[in-house]
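Just so it is clear, the structure is predicted and the values come from calculations on it, not from any experiment.
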There are 2 protein chains.
Amino acid sequence: MTETAHRTARVSTPPAAETGIERLYSSELANETEFLAARARSVGSRRANEELAALDLKVRSYSVLSLVCSGLNPSQRELAEFLFLDPSQIVALVDQLEKRGAVKRKADPRDRRSNIITPTAAGKRLYAEAAAIVQAAGDHALSALSPAERDQLRDLLRRVAFADQQG
Amino acid sequence: MTETAHRTARVSTPPAAETGIERLYSSELANETEFLAARARSVGSRRANEELAALDLKVRSYSVLSLVCSGLNPSQRELAEFLFLDPSQIVALVDQLEKRGAVKRKADPRDRRSNIITPTAAGKRLYAEAAAIVQAAGDHALSALSPAERDQLRDLLRRVAFADQQG
DNA sequence: TATTGTTATACTCTATAACTATA
DNA sequence: TATAGTTATAGAGTATAACAATA
């Protein structure tokens, strides 16, 4: 992202390749890590959203359902912090999942202000279906990479994603 | 602008395993590449947006400005396709940049339906300032990685981001 | 007839503040 | 006084369709 930007400098003057946008691949923007991460995520989440629509879910609600089904008994506050979402958005997401009988709110006995979210049996089944869909979509999005490269990418991303917490 | 207000409560709290959300790192979701990409991008673009606000820009408008200043003379249609944005959104973004004198529209002599967007001198100066900010924000976001690892991450992301075009 | 840019519109997502009940 | 959840609302972002000019 730094001095490496002009390592992949422009491929001479554009031959005005008519309608193709491939020529923009050589732009500086197309070599910025953040732009690439945004585009990669966009490619993946678009497909995931399309597939999840069959279960009336989106990546957002799937993420909540996944954490609720993790066995870690998250509170709404924890869901908000972990997903970088405002608590008020969690309310809406949990409302949706609760309305369809996938999750339940229950007061934390140790702090009755806190709602612990747990899955129902139907919620667990829904998650199993959704997880398979998301995994398939992810495999498709990463089909350009070998298994080893996928592991590599995931590990690098994890270190960036949690850099502030892990120091 | 104070979007992190709800997230600033953990400043002086000791690493107590009770209230922390670190326990959610072990969830399945935290090991999904797509989730990690979304979170990594969120970390980076939040900072970039905060810094770019000093220039009255956002990552969205910066991306347009960057492509316009690349010397590749993109049309609005090309900007839309490359940035995964609707053409109508490009209209608004180019309007903003044109209104502040950073870019100009000019009809493509070979197809007068098409608007070729070019930077003004002021636009080039604005881009130079913005690029430095974005680069600094990117370096900060990737500070957990070594230079070699950053290259590795960028190359892996590029292959994923352009997998459909490159085959 | 198809495409580029444009406008208008509706919908979703996100941010913010105020309120309650607990602590 | 502070925090978890809730509600309401405004703003930003996004998607869609219709239109004029051009091909």
Side-chain angles (χ1 to χ4, degrees), chain A residues 18-21 38 42 45-46 49-50 52-53 56-61 63-64 73-99 103-117, chain B residues 1-13 16 18-21 38 41-42 45-46 49-50 52-53 56-64 73-99 103-117:
Chain A
E18 262 78 63
T19 50
I21 57 167
S42 180
S45 69
R46 178 170 309 171
N49 268 324
E50 287 171 358
L52 283 173
D56 200 21
L57 285 173
K58 300 184 179 179
V59 290
R60 186 62 47 87
S61 42
S63 298
V64 170
N73 294 327
S75 70
Q76 292 190 194
R77 180 66 45 166
E78 289 173 321
L79 292 172
E81 286 188 29
F82 194 70
L83 295 174
F84 284 168
L85 295 177
D86 193 88
S88 62
Q89 299 177 247
I90 300 294
V91 171
L93 289 165
V94 172
D95 278 352
Q96 290 171 21
L97 291 172
E98 193 177 40
K99 198 164 292 177
V103 309
K104 282 182 296 187
R105 288 174 162 96
K106 95 179 167 192
D108 185 339
R110 295 191 293 183
D111 183 346
R112 289 176 48 209
R113 293 174 303 183
S114 212
N115 280 344
I116 289 177
I117 315 300
Chain B
M1 282 306 173
T2 58
E3 61 184 18
T4 58
H6 67 278
R7 216 179 302 110
T8 54
R10 302 186 306 122
V11 186
S12 59
T13 43
E18 298 240 322
T19 52
I21 57 167
R41 182 200 139 271
S42 180
S45 69
R46 177 170 310 167
N49 268 325
E50 287 172 359
L52 283 174
D56 200 21
L57 286 174
K58 300 182 178 180
V59 289
R60 187 63 46 87
S61 42
Y62 164 77
S63 297
V64 171
N73 294 328
S75 70
Q76 292 189 194
R77 179 65 46 166
E78 289 173 321
L79 291 172
E81 286 187 32
F82 193 71
L83 295 174
F84 285 168
L85 295 176
D86 193 87
S88 62
Q89 300 177 246
I90 300 294
V91 171
L93 289 165
V94 172
D95 278 351
Q96 290 171 22
L97 291 172
E98 192 177 40
K99 199 165 292 178
V103 309
K104 281 181 297 186
R105 288 172 162 97
K106 95 179 166 192
D108 185 341
R110 295 191 293 181
D111 183 345
R112 289 177 48 208
R113 294 174 303 182
S114 213
N115 280 343
I116 289 177
I117 315 300

Inset, instruction - Would you mind reading off the distance between A/I21 atom CD1 and C/dT4 atom C1', rounded to a whole angstrom? - result: 16 Å
Inset, instruction - Would you indicate, yes or no, if D/dG5 has its OP1 or OP2 atom less than 4.0 angstrom from a side-chain nitrogen or oxygen of A/S114? - result: yes
Legend entry - Below 4.0 Å: OP1/OP2 of D/dT6 and any side-chain N or O of A/R105: yes
Inset, instruction - Taking the side chain as every heavy atom from C-beta outward, state whether A/V64 and A/I117 have any atom pair closer than 4.5 Å. - result: no
Inset, instruction - Mind listing the closest non-hydrogen atom pair of B/L52 and B/Y62 along with its distance? - result: CD1-CB, 4.0 Å
Legend entry - A/S42 side chain to A/A38 backbone, donor-acceptor under 3.5 Å: no
Inset, instruction - Record whether the side chain of B/S88 comes under 3.5 Å of the base of D/dT14 through a donor-acceptor pair of N or O atoms. - result: no
Inset, instruction - To the nearest Å, give me how far apart CD (A/E78) and P (D/dT3) are. - result: 15 Å
Legend entry - Spacing between A/D95 atom CG and D/dT6 atom C1', to the nearest angstrom: 9 Å
Inset, instruction - Round to the nearest Å and state the distance from B/L83 atom CG to D/dG13 atom C1'. - result: 15 Å
Legend entry - Interatomic distance, B/E98 CD vs C/dG5 P [rounded to whole Å]: 13 Å
Inset, instruction - Write down the distance between CZ (B/R77) and P (C/dT6), rounded to a whole number of angstrom. - result: 11 Å
Inset, instruction - Return the minimal non-hydrogen interatomic distance between B/S61 and B/L97, and the atom names on each side. - result: O-CD1, 4.0 Å
Inset, instruction - Take A/I90 and B/D86, find for each the nucleotide of DNA chain D with the closest heavy atom, and name the residue whose nucleotide sits nearer the 5' end. - result: A/I90
Inset, instruction - Indicate whether OP1 or OP2 belonging to D/dA12 is found under 4.0 Å from a side-chain N or O atom of B/Q89. - result: no
Legend entry - Phosphate-side-chain proximity, A/K58 and C/dC13, N/O vs OP1/OP2 below 4.0 Å: yes
Legend entry - Whichever of A/N115 and A/R46 has its nearest DNA chain D nucleotide further upstream toward 5': A/N115
Each nucleotide N or O in nucleotides 18-23 of chain D that has a protein N or O under 3.5 Å away: list the pair and distance.
{"unit_1": "D/dT22", "atom_1": "OP1", "unit_2": "B/R112", "atom_2": "NH2", "d": "3.4"}
{"unit_1": "D/dA23", "atom_1": "OP1", "unit_2": "B/R112", "atom_2": "N", "d": "3.0"}

Inset, instruction - Give the minimum heavy-atom separation between A/E98 and A/R105, together with the two atoms involved. - result: OE1-NH1, 2.7 Å
Inset, instruction - Send over the distance from A/K106 NZ to D/dA4 P, rounded to a whole Å. - result: 19 Å
Legend entry - Per B/S75 side chain, nearest of listed nucleotides D/dG5, C/dG5, C/dC13: C/dG5
Inset, instruction - Over all heavy atoms of both residues, which pair between A/Q89 and A/L85 is shortest? Give the atoms and the distance, please. - result: NE2-CD2, 3.8 Å
Inset, instruction - Grab the two heavy atoms, one from A/S114 and one from A/S75, that are nearest each other, plus how far apart they are. - result: OG-CB, 3.6 Å
Legend entry - Interatomic distance where CG belongs to B/L52 and P belongs to D/dA12 [whole Å]: 17 Å
